[in-house]
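Each ligand, and each atom within it, is numbered from 1 in the order the structure gives. Remember, it's a predicted structure, so these values are computed and weren't measured experimentally.
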Amino acid sequence: MQTGDQNLVKKLNKSIVLEIVQKKSPVSRTDISRETGLTKATVSSLIGELIDEHFIYEIENGESKGGRKPVMLYFNQQAGFTVGVDIGVDRILGVLSDLNGNLLEQYDTELTDTAVQTVTDEVTRSIKSLCESSPDSPYGIVGAGIGVPGTVGNRGEIRFAPNLGWENVHLKETLEEIFPFPIIIENEANAGAHGEKLYGAGSEASNLVYVSVGTGIGTGIVIDGNLYRGERGFSGEMGHMSIELNGIKCTCGNIGCWELYASEHALLEQAAHLKTFETYEKVSFDDVINEASLGNGEVLTLINTIGNYLGVGVVNIINTFNPEQVIIGNRFARLEKWMTVPVERVLSQRLLPYQQKSFQLKFSSLRSLSCAIGSSAFALAHFFSKYKISIG
Ligand SMILES: [Zn+2]
């Protein structure tokens with residue numbers, strides 16, 4: 001065996017040992033040796049390195065069956081932290097997570113405008129605030145993931161974010177000049193899909209489509225457990241599939257785009273014409289939810305109409321991907337109570353019975369945090385890629 005191979009084998013074994021402690025702690029050296037088939041000497045040597053690197057710590061505990069007390073190994077989930085930021089059109093949501101993805105802090109601020117400089121300043125402020133609230137740790141902040149509502153190239157460049165009015169923005173480079181850790185930029189729907197797959201409604205599914213319904217609509221596609229990014233990272237722009245042949249003109253250049261009929265923007269624009277809100281200067285999403293909660297018929301009818309359009313897009317998704325689940329997330333997750341009926345009705349009217357079998361319509365269980373949590377998880381995976389070998 002060549003030295004290169006030996007290093008690779010060692011890295012692989014160390015990666016497997018770390019993974020077992022992370023997923024199953026507390027475990028003993030004997031447990032790991034039994035599970036991996038590695039000798040006790042090899043396991044002890046790898047554990048020694050992982051303890052030196054602060055990823056694992058040991059505690060003497062458990063009942064002894066005579067002889068020495070068993071020493072149990074724990075994953076040090078607070079050896080470092082990651083930040084996740086969701087850039088919305090009118091607000092920024094941030095989270096601080098530990099190395100197991102547990103949520104420690106949240107940051108929420110409104111955006112007054114979407115100029116690149118304003119948003120960059122607010123994102124910088126949110127990351128700084130979350131960094132300051134993180135406990136002392138050996139690795140500190142190991143990375144930040146940022147979800148943006150637009151197309152992101154394979155090198156993290158933001159190509160086109162129509163709802164922000166951005167084209168070719170290099171936020172990654174700007175933030176990496178400010179912060180000493182890696183910045184990962186992802187499309188917000190991809191980040192949301194990743195978050196729901198890891199920690200939310202999609203944890204049991206291998207094939208799912210996450211539909212992020214906020215100001216616009218984006219989708220994140222998970223196939224065989226992995227996020228599908230497309231050839232150049234631009235997959236999932238289903239908010240711009242046409243559902244009205246002669247419909248409204250969209251900022252993307254197309255006509256009759258799905259998001260013009262089934263997004264929060266569509267809902268609020270149409271709500272502004274309702275009698276209920278005729279005295280309002282500006283109708284907010286909370287206003288609509290409040291009226292729906294009070295059983296306002298006019299508002300419920302509008303939500304029902306928007307739900308019909310949402311359902312039509314979901315039908316197209318199911319016909320294309322045959323997923324186990326479609327998860328409705330972002331702001332519209334709050335409309336679950338009223339959206340489920342119209343969307344499911346459209347599915348039952350328009351899908352063939354065999355397509356409906358075993359399919360589940362779900363709403364995001366992480367609610368508005370899917371994207372921030374998923375973005376944080378990307379930063380975490382980037383950090384661990386130095387220590388772990390992915391064999392999945
Ligand atoms: Zn469009």
Aromatic ring pairing Y139/H54, orientation class (parallel under 30°, perpendicular over 60°, tilted between): perpendicular

Residue and atom, protein N/O/S, under 2.8 Å of the Zn ion (ligand 1):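 As for protein N, O or S atoms lying under 2.8 Å from the Zn ion (ligand 1), they are H240 ND1, C250 SG, C252 SG, C257 SG.
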
Counterpart residues, side-chain contact (heavy atoms from CB on, under 4.5 Å), relative to S206 (two or more places apart): E324

Non-neighbouring partners of T174 that pass side-chain contact (heavy atoms from CB on, under 4.5 Å), sequence neighbours left out: T120

Heavy-atom neighbours of R367 CZ exceed 12 at 6.0 Å: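 Yes - once you tally the heavy atoms of other residues, nucleotides and ligands closer than 6.0 Å, there are more than 12.
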
Contact list for residues 218-256, test ring-ring contact (aromatic ring centres under 6.0 Å, His included), sequence neighbours left out: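 Checked against ring-ring contact (aromatic ring centres under 6.0 Å, His included) - neighbours excluded - no pair reaches residues 218-256.
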
Minimum-distance pair of heavy atoms, taken over all atoms of V89 and L111: O-CD1, 4.0 Å

